[in-house]
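A quick write-up on the structure given underneath.
No hydrogens, no waters, no symmetry mates; every other heavy atom, side chains included, goes into these values.
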Amino acid sequence: MYTKENKLRIAILISGRGSNMEAIVRRRVMLPNVEVVCVISDQEDAHGLTIARNFNLEAVYLPAGPFKTKLEGEAEQNYIAFLKERNIDLICLAGFMRIVKSGLLSAFPGRIINIHPSILPLYPGLHTHERALANNDKEAGCTIHFVDSGTDTGAILRQRRVPILERDNPDKLANRVLKQEHIIYTEVLKDISENIISIGK
Ligand code: GRF
């Protein structure tokens, strides 16, 4: 049970710009039961680390090991140790460009969520906006979902849709979707911290 006295302790994992992380931090007055404990990046030069430090958050670069697209082995164990030391309740992936493997998943069962820029199950993986435009879709959107061992396959927590407009391009569409991403991440965290959405024990 999360309360103002017993907050939901979150870690936000990023790889770059960090605008979703920033949106969560900026909206924290709406999240009295949430504590952003730390921000972790697998990229040393991630702009999001600078943003997080400007908010006086603990913001660290944690090397993610030899693989480009996954977090595994010793590096994964370092992530787990870092997160466990800080008693993290929920890991929030926000533009963290790596596949999370079984070690982290079993260390935080049902306690990892992700934001994805499509209306899942449409367009898991990369280049979602390009694919929506190529298919002449009428709408696009974003999804917050639990992370499981698949790629963008975990249970869906919330979605938002936006129209695809004539003369859209991937950048314009991405910006329109991103605004909605920033809203739903906070909404889902609010629901978890108010015990409306349950996470793993
Ligand atoms: C977002 O579009 C998110 O949906 C995707 O990666 C992007 C990260 O953007 N997973 P930012 O780093 O939060 O600005």
Same apolar cluster: V100 and L62, side chain cutoff 4.5 Å
yes
I40-I51 co-clustered via ILVMFWY side chain contacts under 4.5 Å:
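Result: no, two separate clusters.
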Are any non-hydrogen side-chain atoms of [X] and [Y] less than 4.5 angstrom apart?
| X | Y | result |
| --- | --- | --- |
| I91 | V147 | no |
| N87 | R9 | yes |
| S41 | V60 | no |
| I115 | P117 | no |

Could you tell me whether a side-chain N or O of [X] sits under 3.5 Å from a main-chain N or O of [Y], the two making a donor and an acceptor?
| X | Y | answer |
| --- | --- | --- |
| N195 | Y2 | yes |
| R28 | E35 | no |
| T151 | G125 | no |
| K172 | R167 | yes |
| R53 | A59 | yes |
| E44 | Y61 | no |
| T3 | N6 | yes |

Show, in sequence, the C-alpha distance, side-chain angles and deciding distance for I192 and V188, and conclude whether the side chain to side chain contact (heavy atoms under 4.5 Å, CB included) test is met.
CA-CA 6 Å; I192 295 172; V188 166; 3.9 Å; yes
Classify the ring geometry of Y79 against F96: parallel below 30°, tilted from 30° to 60°, perpendicular beyond 60°.
tilted
Got a salt bridge between [X] and [Y], using NZ or NE/NH1/NH2 to carboxylate O under 4.0 Å?
| X | Y | value |
| --- | --- | --- |
| R160 | E139 | no |
| E58 | R86 | yes |
| D191 | R158 | yes |

Compare every heavy atom of A140 with every heavy atom of V177, then report the nearest pair and how far apart it is.
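In this case the closest contact between V177 and A140 is CG2-CB, 4.2 Å.
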Looking only at heavy atoms, which two atoms of A52 and V39 are closest? And how far apart?
CB-CG2, 3.8 Å
Check whether the side chains of Y123 and N135 place a donor and an acceptor atom closer than 3.5 Å, and report yes or no.
yes
Scan side-chain atoms only and decide if S19 and H182 contain a donor-acceptor pair under the 3.5 Å cut-off.
yes
Are there over 12 heavy-atom neighbours, none belonging to K179, within less than 6.0 Å of that residue's NZ?
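For K179, atom NZ is not crowded (no more than 12 foreign heavy atoms under 6.0 Å).
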Atom pair [atom1]/[atom2] of [X] and [Y] - distance to nearest 0.5 Å:
| X | Y | atom1 | atom2 | answer |
| --- | --- | --- | --- | --- |
| L13 | L104 | CG | CG | 7.5 Å |
| M97 | T69 | CE | OG1 | 10.0 Å |
| L71 | R98 | CG | CZ | 7.0 Å |
| E22 | N54 | CD | CG | 9.0 Å |
| I112 | I88 | CD1 | CD1 | 12.0 Å |
| E72 | F67 | CD | CZ | 5.5 Å |

Check side chain to side chain donor-acceptor pair (under 3.5 Å) between Q159 and all other residues, then give those that pass, not counting sequence neighbours.
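Scan of Q159 (side chain to side chain donor-acceptor pair (under 3.5 Å), adjacent residues dropped) gives T143.
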Qualifying residues under side chain to side chain donor-acceptor pair (under 3.5 Å), relative to R131, sequence neighbours excluded
none
Walk me through whether N114 and D152 qualify under side chain to side chain contact (heavy atoms under 4.5 Å, CB included).
CA-CA 8 Å; N114 181 43; D152 303 320; 3.5 Å; yes
Evaluate K190 against V34 for side chain to side chain contact (heavy atoms under 4.5 Å, CB included), listing each step before the verdict.
CA-CA 8 Å; K190 189 166 174 58; V34 175; over 6 Å; no
For the pair D168 and R176, evaluate side chain to side chain contact (heavy atoms under 4.5 Å, CB included) and give the outcome as yes or no after the intermediate values.
CA-CA 10 Å; D168 249 345; R176 193 174 312 121; 2.8 Å; yes
Test side-chain contact (heavy atoms from CB on, under 4.5 Å) applied to V36 and L31, L8, L57, L189, the passing residue
L57
